[in-house]
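Working notes, structure below.
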Amino acid sequence: MNVFSAFKANVEKEIEFLVANGDLPNGTDTSRISVELPRDPSHGDLSTNAAMVLAKPAGLETRDLAETIAERLLTVESVESAEVAGPGFINLRLANNFWFQQLDNILKAGTAYGQSDLGQNRAVNVEYVSANPTGPLHVGHARGSVVGDVLASLLAKAGFAVTREYYINDAGGQIDALARSAFLRYREALGENIGGIPEGLYPGDYLKPVGQELADREGDKWRDAEEAQWLPFVREFSVAAMLDLIRNDLDALGIRHDFFSSERELVEAGAVDKVMETLQADDLLYVGTLEPPKGKLPDDWEERPQMLFKASKYGDDTDRPVKKSDGSWTYFASDLAYHQDKYRRGFPIMIDVWGADHGGYVKRVSAGINALTGGEGKLDVKLCQMVRLLENGEPAKMSKRSGTFVTLRDLVDAVGKDVVRFIMLTRKNDAPLDFDLVKVREQSRDNPVFYVQYAHARCHSVGNMAREAFPDADLTTEGLRRADLTRLTESDELALIRSLAAWPRMVEAAAEAHEPHRLAFYLYDLAASFHALWSKAREEPGLRFVIADDEELTRGRMALVRAVQTVIASGLEVMGVTPVDELRE
RNA sequence: GCGCUCGUAGCUCAGUAGGAUAGAGCGCGGGAUUCCUAAUCCCGAGGUCGCAGGUUCGAAUCCUGCCGGGCGCACCA
């Protein structure tokens, strides 16, 4: 519950009264009523569109109705004034005590503030990272990882029962290529000169230790064996090694999944065959010939009949192949099995985080889920655009240990986990992101990580100052709850409380929209308000948080500072960023 | 050619459930500054929200068409 929905309930109650009173017709629909923060603070504390939404269906004049509603709203507790403005908004001014109560709520709840029951404990599955287990994660994965992880935390904060899932694509041809690459490194470890790594295999050095370990454990027993003999073993061994590598990388970013789902296991358990039987039974499979793609024709295009899924029946542009030319299932086929499995494990709400280059894939998977769950399963795919690494505006020339790309590990080593996590959320997921390795270490206002962390540190530091000024005062959070908040009379202070009180609503809105980046922007704005108040006190000493000869006022203001600190910490917690108490080097 | 996605200040981007006079940072112009914790602060200029229609009491936001950028486009994952 947040102040807005709480007040909406009040408005609805008064509308019911007006209906009972005959001022509004029976069956008046209140669902479109909203209670908002007015854009311009001088308009009041809260604002509702009730009259504008209800007037027309009721056949009433908007402003007349607004006056009627406004009059009723005056009877609501804490409402000091209700004025009709503009095209029919009702602006409410609330007693300061209302806001002091919000402040106390923050201190009482601590960083749990903002926790919501919006999700009603409904199960949500967030699948993210899901990189092929063929090598270390790179910078692009870092973005999807953070977006997925924070979205999961956000949903948990909003009251959903969240499962974080990683789908291991360990069944395709790229895994054989991995095994062959590892086998080469194995022969190399046994002293053989392997020359260059052939085209199509993975050249990265990260496979050297895998080859070495194979040699250490297996000796030369596989060296002269046929591929068919060593492949299964080496495949399993190297996939396990790659997953360890990936898990390590994710650990460095503070990411841990609840569930790892293996494509290979699904396939081996016959899940794909079963899903195809289901589709067959529903008459959704047929053998047909697809039109060649328009535009550039692939070199090896050949027209041939294929087994197709009727994706077009569920909103896709065309039907989609489920079998390859060699008779094996396509990746899409196992993806259908995977999502069906996920649904059956109890997740009607599924969120997948993918790279934007997979955008063309969304419709067919949604179509598949639709077909397989009778429309019950809902998939939302978050597509993440590219990350461009820069150094002072120039393309970064970071050392590339992997040989071909900058790894997630390189990035975390260079700037730290917290910076990576925060910066990855400073853009909407579907907008390209510039990550400037130099700027993110700057201590200035245009570095959002620093700016937000600094606000938190400054709160902490103000606490120290207050303790020095009043060594005997009770400045614990519990103690501050007994401070005389009515001493907070400055408009800037009250404005700050309003921003803080918007946090629970922010959590709910961001969770509903599946947009974790909103957290970063909210925290930046909050930090800016706090810094602004601080700066203002340089010119107006009466605004300072610590007032030497007024302990009670200082305690009131410390309650506000503690609340700012708490909400920032709460936000950073959701983002998986550690709040710092000081920034001194 | 089709699909997805984006198009907001000179630049990089927000815009909270369709709400009031569209915001921030950088840059630019002007001013303040031995300051409770420094990493500055304040003020100002700057906009046809890509274009054109439509829905609505009300559109940057929803719908349609066009223009422009990015991504993808049988079987690879």
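Any value given below was found using the heavy atoms of this structure, including those in side chains, with hydrogens, waters and symmetry copies removed. Just so we're on the same page: letters track the sequence lines, and every chain starts at 1.
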| said: Tell me whether the ring of Tyr524(A) lies stacked over the A24(B) base, given a 5.5 Å limit on centroids and a 30° limit on the plane angle. | reply: no

| said: Counting only side-chain nitrogens and oxygens, does His517(A) get under 4.0 Å of the OP1 or OP2 atom of G15(B)? | reply: yes

| request: Could you tell me whether Asn91(A) contacts a base, only the sugar-phosphate backbone, or nothing, with contacts defined as non-hydrogen atoms closer than 4.0 Å? | output: base

| request: Measure up the Tyr331(A) and Tyr167(A) rings against each other and bin them: parallel (under 30°), tilted (30 to 60°), perpendicular (over 60°). | output: tilted

| query | C35(B) P sits how many Å from Phe545(A) CZ, rounded? | reply | 19 Å

| said: Measuring only the P atom in each nucleotide, how far is U48(B) from A60(B)? A whole number of Å is fine. | reply: 14 Å

| request: Would you mind classifying the nucleic acid contact of Tyr451(A) as base, sugar-phosphate or nothing, using non-hydrogen atoms under 4.0 angstrom? | output: nothing

| Hey, does Arg32(A) reach any base, or is it just sugar-phosphate, or nothing, if we go heavy atoms under 4.0 Å? | base

| said: Looking at C57(B), I'd like to know if its phosphate oxygens (OP1 or OP2) sit under 4.0 Å from a side-chain N or O belonging to Arg63(A). | reply: no

| field | OP1 or OP2 of C42(B) under 4.0 Å from side-chain N/O of Lys536(A) | value | no

| Under 4.0 angstrom, heavy atoms only, what part of the nucleic acid is Ser34(A) near: base, sugar-phosphate, or nothing? | nothing

| query | What about Thr318(A): does its side chain form a donor-acceptor pair under 3.5 Å with the base of A74(B)? | reply | no

| How far does the C1' atom of U55(B) sit from the matching atom of A45(B), given to the nearest Å? | 37 Å

